[in-house]
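One-based numbering along the sequence shown. Note that the coordinates shown come from a computational prediction; the quantities given were computed from them, not determined experimentally.
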Amino acid sequence: QVQLVESGGRLVQAGGSLRLSCAASGLTFTSYSMGWFRQAPGKEREFVAAISLNDVYTYYSESVKGRFTISRDNAENTVYLQMNALKPNDTAIYYCAADRKPVGVVSPHPPDYDYWGQGTQVTVSS
C-alpha cells in the first residue's frame, strides 16, 4: 500500500528555518511528481511547491518563492521542503502529495494528486 509520511514540523520563530521531509513507500517513486501543500485553520488548502519526477522542474507559489526550496532524493524515496525566512503566515499543516505525471509536468492543483500524507504541523511564532 502507498504511504506518504511527513516529518519535521515544529514550532519555530519568525525568520527561522525548517526542513520538512516526506518519505514515500509502496510506489515507484521515480514515476511520480511530488508536491507540498498547506492548510491553515479556516483557510483553503493551498499549493506550496512541486517537483517533477526526474528532478528537473520545480514550481512554487508566489507566497513562498525565494524562501522555500523543494528537492527530492530518489535513492531514499524522499522529498524535502527547505523553508527559510519563515513568517507567521506560514503556519499551517503541511501535506506531501504524489502525482503520476509526464516528464516535465508539475501541477499546483490538488485534484491532480493521487496520494496524500497525513500532514505535519508547522507553527511560526511572531
Verify whether one side chain among N74 and T30 offers a donor that lies under 3.5 Å from an acceptor in the other. no
Within 6.0 angstrom of Q118 CD, more than 12 heavy atoms from elsewhere: no
So does T120 get a backbone contact from the side chain of S7, meaning a donor-acceptor N/O pair under 3.5 Å? no
Check the hydrophobic clustering (I, L, V, M, F, W, Y; side-chain heavy atoms under 4.5 Å; chains of links allowed) and say if M34 and Y59 are grouped together. no
Report yes or no: does S52 contribute a side-chain atom to a donor-acceptor pair with the main-chain N or O of V106 at less than 3.5 Å? no
Please check if V2 and F29 belong to a single hydrophobic cluster, counting links between Ile, Leu, Val, Met, Phe, Trp and Tyr side chain heavy atoms closer than 4.5 Å. yes
Side chain Q82, main chain F68, donor-acceptor under 3.5 Å: no
If you take the centroid of each ring, where Trp contributes its six-membered ring, are Y60 and F47 closer together than 6.0 Å? no
Can you confirm whether Y95 sits close enough to Q39 that some side-chain heavy atom of one is under 4.5 Å from a side-chain heavy atom of the other? yes
Check: L53 and S31 side chains under 4.5 Å, non-hydrogen atoms: no
Is there a chain of hydrophobic side chains (I, L, V, M, F, W, Y, each step under 4.5 Å between heavy atoms) that links V48 to Y115? yes
Which distance, rounded to the nearest 0.5 Å, do you find between the OH of Y94 and the CG of L81? 7.0 Å
Any idea which heavy atoms bring R67 and A85 closest together, and the distance? NH1-O, 3.0 Å
If I take atom OG from residue S33 and atom CD1 from residue I51, how far apart are they, to the nearest 0.5 angstrom? 9.0 Å
Residue pair L20 / M83, side-chain heavy-atom distance below 4.5 Å: yes
Output the distance between atom CG (L27) and atom CG (L4), rounded to the nearest 0.5 Å. 6.5 Å
Measuring only between side-chain heavy atoms, which start at C-beta, is V12 closer than 4.5 Å to T123? no
In Å and rounded to the nearest 0.5 Å, what is the CD to SG distance from E6 to C22? 5.0 Å
Return the minimal non-hydrogen interatomic distance between S126 and A14, and the atom names on each side. CA-CB, 4.4 Å
Let me confirm one number: the CG-OG distance from D73 to S21, rounded to the nearest 0.5 Å. 10.0 Å
For the pair F37 and Y113, name the ring-plane relationship: parallel under 30°, tilted 30 to 60°, perpendicular over 60°. perpendicular
Between T78 (side chain) and E76 (backbone), is there a donor-acceptor pair under 3.5 Å? yes
Minimum heavy-atom separation for V79 to C96, with atom names? CG1-SG, 3.7 Å
How far does NZ of K43 sit from CG of N89, to the nearest 0.5 angstrom? 6.0 Å
Is it possible for you to check whether R19 lies under 6.0 Å from the centre of the six-membered ring of W36, through NZ or CZ, and within 45° of that ring's axis? no
If I compare all heavy atoms of W116 with all of P110, which pair ends up nearest, and what's the gap? CZ2-O, 3.6 Å
Evaluate the side-chain proximity of S63 to R38: yes if any heavy-atom separation is below 4.5 Å, no if none is. yes
For L18 and G8 the tightest heavy-atom approach is CD1-O, 3.4 Å
Side-chain touch Q121/T91, heavy atoms, less than 4.5 angstrom: yes
Please evaluate residues S17 and N84 with respect to the criterion side chain to side chain donor-acceptor pair (under 3.5 Å), reporting the C-alpha separation (whole Å), side-chain torsions for both, the decisive distance (0.1 Å), and the verdict. CA-CA 4 Å; S17 297; N84 299 324; 2.8 Å; yes
On the ring face of Y32, is R100 found with NZ or CZ under 6.0 Å from the centre and within 45° of the axis? yes
Test log, rule side chain to side chain contact (heavy atoms under 4.5 Å, CB included), inputs L11 and S125: CA-CA 7 Å; L11 172 66; S125 62; 4.2 Å; yes
